[in-house]
Amino acid sequence: MGAECRYEVAQAAYIKLVLHALKHCCSPVGGLLVGRLSDDDASTVQIGDAIPLTHSQIGLLPSLELALIQVEEHFGAEGLNVVGYYQANERYDDTELGNAAKKIGDHIFRYFPRAALLLLDNKRLEELLKGKGRDLAVQLYTRDSSKGWRQAGLDGSSQLTIKEPSANVLLLDYVSSEKWHDIVDFDDHLDDISKCIFQT
Amino acid sequence: MHRIVLKDKSNLLVTNFMSILLKFSPNFKRALQQRMETQLEAMLLEAKGAWADAEKAYACLLEDNPLDQVVHKRKVAMAKAQGNLSAAVDFLNKYLEIFMADHDAWRELAEIYVSLQMYKQAAFCYEELILSQLTVPLYHLAYAEASGLLLTSAHILKVLYTMGGLENLQAAKKYYAATINLTGGKNARALYGVCLCSVAINQLIKGRNKEEKESSELQSLAAEALLKDYKHKSPGKLPVLTTMLKNMKLIS
C-alpha cells in the first residue's frame, strides 16, 4: 500500500523538523507528522505540519502517548490527524531508521494505513548548509507488504515531494538567523507547561 | 560545599605528593611527561578518526596504568563514535566494576541500554544511580533534588512504564508519587506519570479481584493538580487536557 502512495510535505513541516534537529544537534530528536489525504488525489498524503516531541531518549513511551492524544485532539477539529513520525539520529553517520522509530511507525500505521517515517539525512543536510546540495534533507520510509519499513526512492522514483520549491532557501535563511531557538518540543512543554508545542 | 572542600584538599595533597616525587625522582618526571604526551597523541588520533591507531595507543597506556579513568572513558567514547554499542557497553561495564561511584558512567550506560531497548538493564543502572545519590547527607537533598535525583527518577520511571507489567507499573507509580512529593506537586511529568500509570494499571487488573484496585485518590488528585496547573500557565490547552483526563476516567 505504501509503495503506490505519494507524500507531499509542506514547507512548514519540513523546516520545523530540520530546525528541531539543529536545535539539539547532539541528541536524537523525534516528532510527529500531521496531515491528511489530498482532496484532489486520494493516493497523495499531504504532510502539513510537524510537531516536535523529544530530544532525549527516543524509546520511552509516556510522553509519546500523551503527545499523541493531545496532538490528535488539537488537530482533529481541522480534519488533520497524525500521519507519520520523523527522527534525526544522534550520530552523523548513523543512517539507520532504528527499532524505536519503526515501533512508533507501526503504532501510527494502525490508525493511518499510509503512515510515513521521515529520517533526517545528515549528509544531505550538511551539503545544504554548505550551500552545495539541492535535495530535501530527509529520507522517506513507507510500510511494505512484509510489515517492514522500506526506504523509498531507492529506485530513483520520487515519492516524496515538497510543496514549495523554495523550501530549502527559506530553511537556510532561518538557519542563519538561528530560528531554531523558537522550536518547542513536548519535552520542553513537560518541563514548563507554559511553553506551547503548537506554533507556526 | 562539603564535596568541593574535600576535592580541594585532595588536590592539595596530590600537588604536594607530586612535588616531592618530582624533586627526588627525575625519572618519574620524564615518565609522567612521556605518558601525557602519549595520551595527547592518542586523543589526537581519536579526534582524527584513526580508530585502529588510537586504540593501540590507548591499550598501551592502559597496560602501564590500568586505573587511568580518562583513558578508559576515551575507549568508551571511541566505541560509541564508531557505532559499536555492544563494545561500548562492554567497556563501560568493566569500567564501572572498578569505578562504581562514577555517576556519569552509570547514566551513560543506562542511555546506551535504552537505545538498545534493553530496558531491564537500563532500569538497573538507574537504580544504582538513585541508591548512590540517596547516601548524600540529608542537608544536601536539596542539591541532589535539583540536579541529579529528579532527572534520574524521571528516567527510571519512563523505563519502568515502557517495560509494562503490573509490578513495574506499580513501582513506577510509587516513584512518580515520590517525585510529586519532592517537587511539591509542581512537576508536570510526575503528575502525568501518575495518571498514565493508573490508567495502565487499571486496564491490567480489569476483572481481577476488586480488593487489588488501586486507591483512586492519588490519580484524581494528580489530575486535579494538572488541571490547576494548566489553567494557570497554559489555559489554551485546558480543553484538550480536560477531554483527555475525562477519557482516562480520572475526572468526571
Side-chain angles (χ1 to χ4, degrees), chain A residues 26-30 51 53-78 87-104 106-107 122 184-200, chain B residues 49 80-83 85 107 110-119 122 150-151 154-164 169 172 176 186-197 199-200 226 228-248:
Chain A
C26 298
S27 337
V29 298
I51 306 298
L53 277 188
T54 174
H55 55 272
S56 59
Q57 299 156 324
I58 299 277
L60 301 177
L61 281 187
S63 338
L64 177 66
E65 292 190 19
L66 287 173
L68 274 172
I69 297 176
Q70 294 196 7
V71 167
E72 289 276 344
E73 274 292 327
H74 180 92
F75 285 102
E78 303 172 36
Q87 180 167 306
N89 286 332
E90 185 177 4
R91 277 178 18 252
Y92 172 80
D93 53 1
D94 183 358
T95 52
E96 266 199 52
L97 192 53
N99 280 331
K102 289 181 190 165
K103 271 208 190 146
I104 297 175
D106 289 339
H107 186 86
N122 290 318
V184 172
D185 61 20
F186 199 65
D187 270 349
D188 300 327
H189 174 76
L190 287 177
D191 287 330
D192 176 1
I193 56 174
S194 62
K195 293 193 180 153
C196 188
I197 57 175
F198 304 117
Q199 6 112 295
T200 40
Chain B
K80 245 193 124 184
Q82 293 176 76
L85 291 182
R107 198 165 284 139
E111 281 179 12
I112 300 181
Y113 275 138
V114 169
S115 67
L116 292 170
Q117 292 168 305
M118 297 165 68
Y119 296 126
L150 265 189
L151 203 61
H155 286 307
I156 195 177
L157 295 172
K158 287 199 265 189
V159 172
L160 284 174
Y161 183 84
T162 308
M163 282 167 71
L169 287 171
Y176 276 125
K186 299 216 184 86
N187 188 313
R189 269 182 225 266
L191 293 169
Y192 270 126
V194 163
C195 297
L196 284 176
C197 282
V199 171
L226 268 175
K228 217 170 100 179
D229 242 355
Y230 270 80
K231 200 166 171 187
H232 198 219
K233 292 195 207 151
S234 184
K237 288 188 99 179
L238 197 55
V240 172
L241 180 68
T242 314
T243 315
M244 187 179 99
L245 291 174
K246 275 200 190 147
N247 288 336
M248 291 160 100

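Proteins come first, then strands; the chains are lettered A, B, ... in the order of their sequence lines, and each starts at number 1.
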Participant: Examine whether an atom of B:Thr243 lies under 4.5 Å from a heavy atom of chain A, and if so say whether it belongs to the side chain, the backbone or both; otherwise answer neither.
Facilitator: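 Side chain of B:Thr243 only, per the 4.5 Å heavy-atom cut-off to chain A.
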
Participant: Is it the backbone or the side chain of A:Glu72 that comes under 4.5 Å from a heavy atom of chain B, or both, or neither?
Facilitator: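 A:Glu72 has no heavy atom closer than 4.5 Å to chain B.
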
Participant: According to the interplanar angle, ranging from 0 to 90°, do the rings of A:His74 and A:Phe198 count as parallel (below 30°), tilted (30 to 60°) or perpendicular (above 60°)?
Facilitator: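 Rings of A:His74 and A:Phe198: parallel, under 30°.
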
Participant: Given the options B:Pro235, B:Gly236, B:Gly83, which has more heavy-atom pairs under 4.5 Å with chain A than any of the others?
Facilitator: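 Highest number of pairs under 4.5 Å: B:Gly83.
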
Participant: Quick check on B:Ala200 against chain A: is it the side chain, the backbone, both or neither that has a heavy atom closer than 4.5 Å?
Facilitator: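 For B:Ala200, no heavy atom lies under 4.5 Å from chain A.
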
Participant: Which region of B:Lys80, side chain (C-beta onward) or backbone (N, CA, C, O), has a non-hydrogen atom less than 4.5 Å from a non-hydrogen atom of chain A, or is it both or neither?
Facilitator: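 Contact with chain A: backbone and side chain both.
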
Participant: Which pair of non-hydrogen atoms, one from B:Ala81 and one from A:Asp93, has the smallest distance, and what is that distance?
Facilitator: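 That closest heavy-atom pairing would be O-OD2, 4.4 Å.
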
Participant: Of the backbone (N, CA, C, O) and the side chain (C-beta and beyond), which part of A:Asn99 lies under 4.5 Å from a heavy atom of chain B, both, or neither?
Facilitator: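 For A:Asn99, the contact with chain B is made by backbone and side chain together.
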
Participant: Return yes when atom NZ of A:Lys102 has more than 12 non-hydrogen atoms of other residues, nucleotides or ligands closer than 6.0 Å, and no otherwise.
Facilitator: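 Correct, the count exceeds 12.
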
Participant: Nearest 0.5 Å, please: how far is CG in A:Leu190 from OH in B:Tyr192?
Facilitator: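 Those atoms lie 6.5 Å apart.
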
Participant: To the nearest 0.5 Å, how far apart are NZ in A:Lys103 and NE2 in A:His107?
Facilitator: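 Rounded to the nearest 0.5 Å, the NZ-NE2 separation comes to 12.5 Å.
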
